[in-house]
Asker: 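I'd like to ask you about the structure that follows.
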Amino acid sequence: RNPAFWTFDFLVSKDIVLSRGVMMQLTGEVFNLLNDDALRVDEDVNGVIAGERRFGRQWQLSLRLTF
C-alpha cells in the first residue's frame, strides 16, 4: 500500500471593471504548492519496481474578458 500524501492548491482571483460593462478577471493558480514528489509504486516484479512520481509544482496564469 502506498503512503498517503497531502495536495495543497492555491487560487487568487481579481475582477476589474474596465468600461461600460467590460470586465477583466485575472487569475493565478498554483498546483501542488508544497512541491511533493511522492512515488506511487504500481508493481514490484522480480525486484524491479514500476511506478510513477508526482509531477512537481505547476503554475497557471489566466486572463478573461467579459463584455
Side-chain angles (χ1 to χ4, degrees):
R1 188 165 193 199
N2 292 315
F5 57 87
W6 289 90
T7 298
F8 289 105
D9 299 332
F10 185 71
L11 169 77
V12 175
S13 181
K14 175 69 177 172
D15 291 330
I16 302 168
V17 177
L18 297 177
S19 65
R20 291 190 185 172
V22 177
M23 290 183 57
M24 178 173 67
Q25 181 182 43
L26 299 170
T27 305
E29 294 180 83
V30 181
F31 304 102
N32 193 9
L33 185 64
L34 300 177
N35 201 24
D36 179 27
D37 62 345
L39 175 63
R40 188 184 86 200
V41 177
D42 293 328
E43 60 183 329
D44 182 359
V45 179
N46 297 330
V48 177
I49 296 175
E52 66 181 88
R53 195 165 290 282
R54 294 184 66 207
F55 195 84
R57 186 178 303 126
Q58 298 177 10
W59 301 82
Q60 176 174 302
L61 300 173
S62 62
L63 170 84
R64 178 170 53 178
L65 290 174
T66 306
F67 50 93

Asker: Look up atom NZ in Lys14 and atom CG in Leu26, then write down how far apart they are to the nearest 0.5 Å.
Answerer: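 The CG atom of Leu26 is 9.5 Å from NZ of Lys14, to the nearest 0.5 Å.
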
Asker: Of all residues at least two apart in sequence or in a different chain, which pass the salt bridge (charged side-chain N to carboxylate O under 4.0 Å, His left out) check with Glu52?
Answerer: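 Salt bridge (charged side-chain N to carboxylate O under 4.0 Å, His left out) list for Glu52, sorted by chain: Arg40.
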
Asker: Check whether Val17 and Leu63 end up in the same hydrophobic cluster, where Ile, Leu, Val, Met, Phe, Trp and Tyr are linked by side-chain heavy atoms less than 4.5 Å apart.
Answerer: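 Val17 and Leu63: separate clusters.
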
Asker: Please determine whether residues Phe8 and Phe10 belong to a single hydrophobic cluster, defined as Ile, Leu, Val, Met, Phe, Trp and Tyr linked transitively by side-chain heavy-atom distances below 4.5 Å.
Answerer: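 Linked, Phe8 and Phe10 end up in one cluster.
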
Asker: Supply the members, apart from Val48, of the Ile/Leu/Val/Met/Phe/Trp/Tyr cluster built from side-chain contacts under 4.5 Å; use none for a lone residue.
Answerer: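 None, because no other hydrophobic side chain comes under 4.5 Å of this residue.
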
Asker: Each residue besides Leu11 in its hydrophobic cluster should be listed here, by chain and number; the cluster joins Ile, Leu, Val, Met, Phe, Trp and Tyr at side-chain heavy-atom distances under 4.5 Å.
Answerer: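 None, because no other hydrophobic side chain comes under 4.5 Å of this residue.
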
Asker: Share the residues that join Leu61 in a hydrophobic cluster, the rule being Ile, Leu, Val, Met, Phe, Trp or Tyr side chains under 4.5 Å apart at the heavy-atom level.
Answerer: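 Members alongside Leu61: none; it stands by itself.
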
Asker: Looking at residues at least two apart in the chain, or sitting in another chain, which of them share a side-chain contact (heavy atoms from CB on, under 4.5 Å) with Leu65?
Answerer: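 Leu65: side-chain contact (heavy atoms from CB on, under 4.5 Å) contacts with Leu18, Met24.
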
Asker: Please report the closest heavy-atom contact between Arg57 and Val30, naming both atoms and the distance.
Answerer: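 Looking at all heavy atoms of both residues, the closest pair is CG-CG1, 3.8 Å.
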
Asker: If you round to the nearest 0.5 Å, how far is CH2 of Trp59 from CG of Asn32?
Answerer: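 The CG atom of Asn32 sits 11.5 Å away from the CH2 atom of Trp59.
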
Asker: Under the side-chain contact (heavy atoms from CB on, under 4.5 Å) test, which residues partner Phe31, sequence neighbours left out?
Answerer: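 Testing Phe31 for side-chain contact (heavy atoms from CB on, under 4.5 Å), a comparison that skips the adjacent residues, returns Asp9, Glu29, Gln58, Gln60.
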
Asker: Looking at residues at least two apart in the chain, or sitting in another chain, which of them share a side chain to side chain donor-acceptor pair (under 3.5 Å) with Gln25?
Answerer: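 Ser13, Asp15, Arg64.
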
